[in-house]
Amino acid sequence: MNDEKNSVREEKLLRLEEELGIDPYPASCLESKPISKIRDAGETEDSVIASGRLTGKREHGKTVFADLRDGTGSIQLYLSKKILSDRDWSVLGLLDLGDIIQVKGSVFTTRMGELTIRCEEIELLCKSLRQLPVVKVDSLGVAHDEVTDRDYLYRHRCVDLQVNPDSLDRFVKRSRIISTLRSYLDSSGFLEVETPVLQPLYGGAAAEPFETRYGSMNQQFYLRIATELYLKRLIAGGIDKVYELGKDFRNEGVDRTHSPEFTQLELYEAYADYNVMMDRFEEMICAAAGAAGQSNSIIYQGTEFDLTPPFRRIVFMDSLRDASGEDLFSWEPEDLRKLMDEKGIITQANDRITMLDKLFDHYVAHRIQQPTFVIDYPEELSPLAKHKKESSGVTERFEVFLGGLELANAFSEQNHPLLQRRILKEQADASMHRKGDLDDDFLYALETGIPPTGGMGIGVDRLVMILTDTGKIRDTILFPHLRRNEK
RNA sequence: GCGUCCCUAGCUCAAUUGGCAGAGCAACGGACUCUUAAUCCGUAGGUUCCGGGUUCGAUUCCCGGGGGGCGUACCA
C-alpha cells in the first residue's frame, strides 16, 4: 500500500545508512529531559537534551525551525547550518515529519517570543516510513485539515493519538480515573482479585454471551458477562471486601452507550447493604472526577451536572407513577402494550414486567439528568437482589443515572440459598438461552452461608464518558471492534 | 438485525444536466539566516471502495458486494 509514497522515505533511509553511515534505528540514546520540564526551566546557557517526534518544519535556507514533541509537551527547535556539523546538517535534510530525534543545545527565546532549543547536535532515533496526516493549528487555535475519517482513526489509533491531542488527553484521563478507583478501594480495605474470563456457565446478568470452545476439555465455554457469581463465592470464602476491575463481554448490539467488550468494576462488601453502596458510589465518582481534572461541577455534552453528594433518590414505582400519571403496576399487559404503541415505544417484549421496565426507561430513566439513585426495583427485575422486608414485591436495589446514562447497578445481595435457587431455577426455565443450566457451585457457596452483603457494578467506560465529556463509548476505548476490511 | 447517509491523491475537500478528475496542506526540486497554518517559484502524485449493468461516454444513473457514520431494536 502506498509503495510510491513510502519509497521516498525509504530512499532517504538508504541514503542515511549508505552516504552518512548512520544507523536510523539505534538501540539506545542519551538520557533526555522531558520537554515540559525544559519549558518550565526556561532560558539557559547550559545544554539540555530533548527527544521526541518531529511535528513541524519551517525551512529558511541556512536556518530551519522545527517542532519537537514528546509525551509531556512540545517545543520549537532552531537549527542553523552555522551551528550544526556538516554531518548533522545533512541528516537534517533527510528528516521527515514523524521522525523521532534527539537534540542537544541551549534554550533561548526568539524575537517572536517562542522558547526554543538552539540545537548543537541532532541524532536520529527512528526513521518514520509512513506519511501521516498533517494537522496544523493556526494562531487562533483553529485546527486545519483535521482528520474526519473515523474509520481510519479507529483502525490506526496510533495515528489518532499523534494527530489529535484531545484523544490522547482522554485516554490519559481514563487511566487516571481507573487508578483512582483502585486506590479508593485499596485504601478502603478491598482486595482486588481476578476471576475467570472463560466460564463453563455464564451468569450474573441477563445478556447474550460469546461462546467459545475449550479444546482440551472438549467443552463449550463462554466469555463472562459479569463477575458477580464468582465474587460472591469469595465473600462466602471470607474475603469480606473484594473487587474486580476488568472486561465483560456481551454478544449484543453496539450503540452510543454499549460496547460488546466493556470494562466493569464490581465490588462486594460484607456486613454492608445498598445504602453503603450509595455512599461508596458518591465518594468514588467525586474522586474519579478529581482524577480527570474536574471539580464536582462538570459539563457533559453541554449540560452542567453537580456531583456533590448526596444525590437525589427516587423510588422506582413512585417515579414511574409520577412521570406517567398512571398506576401502571395495576395494568394488564394488553393495556401496557396499547400505551407503548401510542407512545411509539418499539420493543419486542410482551410480558408485563419487561414492558414496565421499558416504560420506566421511557418515562424516567432517559430523562434523568442530575445524578440520581433510582431505588427499590421490582423483584421480577432483580433476581440476585435481596427482597425488601417491609414492602412486598420490591428489592433493595438501585441504579445510578446521570445525563440519561445508567452508570451503576447495586443491591443488597440475596443470600437466602433456597430462595435464590428457586428464583434462578424459575428464570432458567423461562429463558431461551440458558437452557436450564444452574450454577450449582454458586448456590453451594450460598448454602455454606454468606453474610449480609452489598454489591455494586459500575460501567467504567460510561464513567469515563461522563468525566471526559465524550458522547460515544467507543471514543473511550482504545481499540474498539471493527470489521475486517478486506479490499 | 432494520432504516438512512457516505466512500474521489497520504490528509481535508471540489468536479454544472452524464462530457478531458481539480485545489489547499503534506511530498519532491529550487530560492530564502528569527519563522510558527512561514513565504515565493516549479514538479509529481488517482484501480474515483470492489464487481456488474445502462450509455457514444459513468466519480455522477441502476443492481449486487465491502467498509464506515448516524438513528433504531435486542442488552434484569
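Chain naming here is simple, since letters A, B, ... match the order of the sequence lines and numbering starts at 1 in each.
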Please identify each residue that fulfils salt bridge (charged side-chain N to carboxylate O under 4.0 Å, His left out) with A:D351, with sequence neighbours left out.
-> none
Now, which nucleotide makes the Watson-Crick or G-U wobble pair with [N], with each of the two distances under 3.5 Å?
N	answer
B:rG24	B:rC11
B:rC56	B:rG19
B:rU48	none
B:rU4	B:rG69
B:rA38	none

Can you tell whether the side chains of [X] and [Y] come within less than 4.0 Å, N to carboxylate O?
X	Y	value
A:K57	A:D99	no
A:D318	A:R321	yes
A:E244	A:R224	yes

Is the phosphate of [N], meaning OP1 or OP2, less than 4.0 Å from a side-chain N or O of [X]?
X	N	answer
A:K136	B:rA26	yes
A:T148	B:rC11	no
A:R58	B:rA38	yes

Which nucleotides of nucleotides 3-8 of chain B have their base under 4.0 Å from a protein heavy atom (B), which only their sugar-phosphate (S), and which neither (-), written as one string 5' to 3'?
-> ------
Mind calculating the distance between NZ (A:K62) and C1' (B:rC34) to the nearest angstrom?
-> 15 Å
Nucleotide B:rU35, atom P - distance to CG of A:L54 in whole Å | 20 Å
Relative to the 5' end of RNA chain B, which residue comes earlier, A:R483 or A:K472, by the nucleotide with the nearest heavy atom?
-> A:R483
Mapping A:T354 and A:S80 onto RNA chain B by nearest heavy atom, which one lands closer to the 5' end?
-> A:S80
With a 3.5 Å cut-off and no angle check, do the side chains of A:E252 and A:H258 form a donor-acceptor pair?
-> no
Side chains of A:R170 and A:T468: donor-acceptor distance under 3.5 Å anywhere?
-> no
What residue pairs, at least two apart or across chains, pass ring pair (Phe, Tyr, Trp, His ring centres under 6.0 Å) with a residue in residues 72-101 of chain A?
-> A:F65-A:Y78, A:Y78-A:F108
Quote, to the nearest angstrom, the C1' distance that separates B:rG24 from B:rA14.
-> 11 Å
